[in-house]
Amino acid sequence: MWWKVPLLVGFIVLGTHVCSCKFVDTDKNLDYFASAVEYAVFQFNEDQEDEFAYKLLHVHRSQRKTWTWTYLMDLTMGRTICKKHDEDIDNCPLQEGTEEKMRRW
(Lines give C-alpha, C1' and ligand atoms only; values in the text may rest on other atoms or scores of the structure.)
Protein backbone atom coordinates (compact mmCIF):
# COMPACT_ATOMS: atom_id res chain seq x y z
CA MET A 1 0.00 0.00 0.00
CA TRP A 2 2.74 2.50 0.92
CA TRP A 3 4.54 1.96 -2.38
CA LYS A 4 1.55 3.60 -4.13
CA VAL A 5 2.07 6.96 -2.37
CA PRO A 6 5.28 7.90 -4.28
CA LEU A 7 3.59 6.78 -7.49
CA LEU A 8 0.59 9.02 -6.78
CA VAL A 9 2.83 11.99 -5.89
CA GLY A 10 4.80 11.41 -9.11
CA PHE A 11 1.62 11.50 -11.20
CA ILE A 12 0.50 14.72 -9.51
CA VAL A 13 3.86 16.46 -10.06
CA LEU A 14 4.17 15.18 -13.63
CA GLY A 15 0.56 16.07 -14.38
CA THR A 16 0.94 19.69 -13.30
CA HIS A 17 4.14 19.98 -15.34
CA VAL A 18 2.69 18.42 -18.48
CA CYS A 19 -0.55 20.40 -18.26
CA SER A 20 1.05 23.78 -17.75
CA CYS A 21 -1.19 25.67 -20.15
CA LYS A 22 0.45 28.53 -21.97
CA PHE A 23 -0.42 30.39 -25.15
CA VAL A 24 1.36 29.27 -28.31
CA ASP A 25 1.15 30.70 -31.82
CA THR A 26 -1.42 29.04 -34.06
CA ASP A 27 -2.01 29.18 -37.80
CA LYS A 28 -4.45 31.94 -38.75
CA ASN A 29 -5.74 29.86 -41.67
CA LEU A 30 -7.07 26.91 -39.67
CA ASP A 31 -10.83 26.41 -39.91
CA TYR A 32 -11.42 26.32 -36.17
CA PHE A 33 -9.42 29.51 -35.63
CA ALA A 34 -11.46 31.24 -38.36
CA SER A 35 -14.63 30.13 -36.56
CA ALA A 36 -13.30 31.54 -33.29
CA VAL A 37 -12.52 34.88 -34.96
CA GLU A 38 -15.98 35.00 -36.53
CA TYR A 39 -17.54 34.37 -33.12
CA ALA A 40 -15.34 37.05 -31.50
CA VAL A 41 -16.38 39.65 -34.09
CA PHE A 42 -20.04 38.68 -33.62
CA GLN A 43 -19.73 39.07 -29.83
CA PHE A 44 -17.90 42.39 -30.24
CA ASN A 45 -20.77 43.72 -32.38
CA GLU A 46 -23.39 42.41 -29.94
CA ASP A 47 -21.65 44.05 -26.97
CA GLN A 48 -21.35 47.47 -28.66
CA GLU A 49 -24.11 50.01 -28.13
CA ASP A 50 -23.31 51.36 -31.59
CA GLU A 51 -25.99 50.59 -34.21
CA PHE A 52 -23.38 50.08 -36.93
CA ALA A 53 -21.50 46.83 -37.40
CA TYR A 54 -17.74 46.37 -37.31
CA LYS A 55 -16.01 43.93 -39.64
CA LEU A 56 -12.64 42.22 -39.46
CA LEU A 57 -9.80 43.98 -41.27
CA HIS A 58 -6.67 42.22 -40.00
CA VAL A 59 -5.56 39.51 -37.58
CA HIS A 60 -2.32 40.67 -35.92
CA ARG A 61 -1.83 37.83 -33.45
CA SER A 62 -3.31 34.36 -33.18
CA GLN A 63 -2.53 32.17 -30.21
CA ARG A 64 -4.16 29.18 -28.55
CA LYS A 65 -3.77 28.01 -24.99
CA THR A 66 -2.27 24.53 -25.04
CA TRP A 67 -4.60 21.69 -24.12
CA THR A 68 -7.65 23.97 -24.42
CA TRP A 69 -9.76 25.74 -27.04
CA THR A 70 -9.04 29.17 -25.54
CA TYR A 71 -7.72 31.70 -28.06
CA LEU A 72 -5.82 34.94 -27.72
CA MET A 73 -6.29 37.15 -30.75
CA ASP A 74 -5.34 40.68 -31.66
CA LEU A 75 -7.76 42.02 -34.28
CA THR A 76 -8.26 45.25 -36.19
CA MET A 77 -11.88 45.97 -37.11
CA GLY A 78 -13.47 48.77 -39.09
CA ARG A 79 -16.87 50.39 -38.66
CA THR A 80 -19.16 49.75 -41.62
CA ILE A 81 -22.13 51.63 -43.01
CA CYS A 82 -24.33 48.57 -42.35
CA LYS A 83 -26.39 47.99 -39.24
CA LYS A 84 -25.13 45.24 -36.94
CA HIS A 85 -27.95 42.82 -37.78
CA ASP A 86 -27.70 43.15 -41.57
CA GLU A 87 -27.06 39.99 -43.57
CA ASP A 88 -23.71 40.43 -45.32
CA ILE A 89 -21.44 42.56 -43.14
CA ASP A 90 -18.25 41.17 -44.73
CA ASN A 91 -19.11 42.85 -48.06
CA CYS A 92 -20.34 46.06 -46.48
CA PRO A 93 -18.17 49.14 -47.18
CA LEU A 94 -16.37 50.91 -44.35
CA GLN A 95 -17.40 54.34 -43.16
CA GLU A 96 -15.13 57.05 -44.44
CA GLY A 97 -13.40 59.39 -42.05
CA THR A 98 -10.88 59.38 -39.27
CA GLU A 99 -9.13 56.57 -37.41
CA GLU A 100 -11.74 56.47 -34.63
CA LYS A 101 -13.82 54.29 -36.95
CA MET A 102 -11.19 51.57 -36.56
CA ARG A 103 -10.82 49.47 -33.41
CA ARG A 104 -7.97 47.25 -32.36
CA TRP A 105 -9.38 44.62 -30.06
Side-chain angles (χ1 to χ4, degrees):
M1 173 68 175
W2 289 105
W3 63 273
K4 293 181 182 178
V5 173
L7 187 61
L8 178 63
V9 171
F11 280 134
I12 291 171
V13 171
L14 182 62
T16 58
H17 177 69
V18 169
C19 292
S20 62
C21 297
K22 62 180 182 175
F23 283 98
V24 294
D25 290 337
T26 188
D27 186 4
K28 297 174 187 176
N29 298 317
L30 294 174
D31 288 341
Y32 52 85
F33 181 74
S35 297
V37 170
E38 186 176 331
Y39 178 74
V41 172
F42 171 78
Q43 278 304 126
F44 178 84
N45 280 322
E46 288 297 309
D47 292 343
Q48 297 298 313
E49 292 183 12
D50 193 352
E51 66 180 316
F52 294 100
Y54 284 80
K55 72 177 182 179
L56 179 68
L57 299 178
H58 184 71
V59 177
H60 298 280
R61 177 176 46 176
S62 59
Q63 295 184 324
R64 182 177 64 87
K65 190 180 269 192
T66 56
W67 305 103
T68 70
W69 289 100
T70 304
Y71 291 99
L72 177 65
M73 53 187 85
D74 187 7
L75 310 173
T76 298
M77 295 185 291
R79 189 174 188 221
T80 67
I81 62 170
C82 298
K83 305 292 184 188
K84 66 167 89 174
H85 295 291
D86 287 353
E87 285 294 317
D88 194 12
I89 294 172
D90 290 333
N91 292 321
C92 192
L94 294 173
Q95 292 184 2
E96 294 182 22
T98 61
E99 281 290 318
E100 70 241 10
K101 301 215 168 79
M102 305 258 272
R103 295 269 174 100
R104 189 155 176 184
W105 185 60

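Fair warning: this is a prediction, and the values are worked out from it, not measured in the lab. Residue numbers count from 1 along this sequence. Hydrogens, waters and symmetry mates are skipped; everything else that's a heavy atom, side chains included, is used.
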**Study point:** Thr76 side-chain N/O to Leu57 backbone N/O, donor-acceptor pair under 3.5 Å
**Key:** no
Review point. Run the side chain to side chain contact (heavy atoms under 4.5 Å, CB included) check on Arg61 and Leu72 step by step: do they pass?
Key: CA-CA 8 Å; Arg61 177 176 46 176; Leu72 177 65; 4.0 Å; yes
Review point. So, the side chain of Thr80 versus the backbone of Ala53: is there a donor-acceptor pair under 3.5 Å, distance only?
Key: yes
Review point. Could you walk me through whether Leu94 and Lys55 pass the side chain to side chain contact (heavy atoms under 4.5 Å, CB included) check?
Key: CA-CA 8 Å; Leu94 294 173; Lys55 72 177 182 179; 3.8 Å; yes
Check your understanding: Using links of under 4.5 Å between side-chain heavy atoms of ILVMFWY residues, direct or through other members, which residues join Tyr39 in one cluster?
Key -> none
**Study point:** Evaluation steps, side chain to side chain contact (heavy atoms under 4.5 Å, CB included), between Phe33 and Val59
**Key:** CA-CA 11 Å; Phe33 181 74; Val59 177; 4.1 Å; yes
Review point. Any chain of hydrophobic side-chain contacts (each under 4.5 Å) joining Met77 to Phe52?
Key: no
Point to revise | Leu30-Leu56 co-clustered via ILVMFWY side chain contacts under 4.5 Å | key: yes
Distance-only donor-acceptor pairs under 3.5 Å for side chains of residues 82-93, two or more places apart:
residue: Lys83; atom: NZ; partner: Glu51; partner atom: OE1; Å: 2.7
residue: Lys84; atom: NZ; partner: Asn45; partner atom: O; Å: 2.8
residue: Lys84; atom: NZ; partner: Gln48; partner atom: O; Å: 2.4
residue: Lys84; atom: NZ; partner: Asp50; partner atom: O; Å: 3.3
residue: Asp86; atom: OD2; partner: Lys83; partner atom: N; Å: 3.0
residue: Asp88; atom: OD2; partner: Asn91; partner atom: ND2; Å: 2.5

Review point. Would you say Asp31 has more than 12 foreign heavy atoms packed within less than 6.0 Å of its CG?
Key: no
Check your understanding: Would you call the rings of Tyr71 and Trp69 parallel, tilted or perpendicular if under 30° counts as parallel and over 60° as perpendicular?
Key -> tilted
**Study point:** Ser62 (side chain) donor-acceptor with Thr26 (main chain) under 3.5 angstrom
**Key:** yes
Review point. Is Met73 linked to Tyr32 within one hydrophobic cluster, defined over Ile, Leu, Val, Met, Phe, Trp and Tyr using a side-chain heavy-atom separation of less than 4.5 Å?
Key: yes
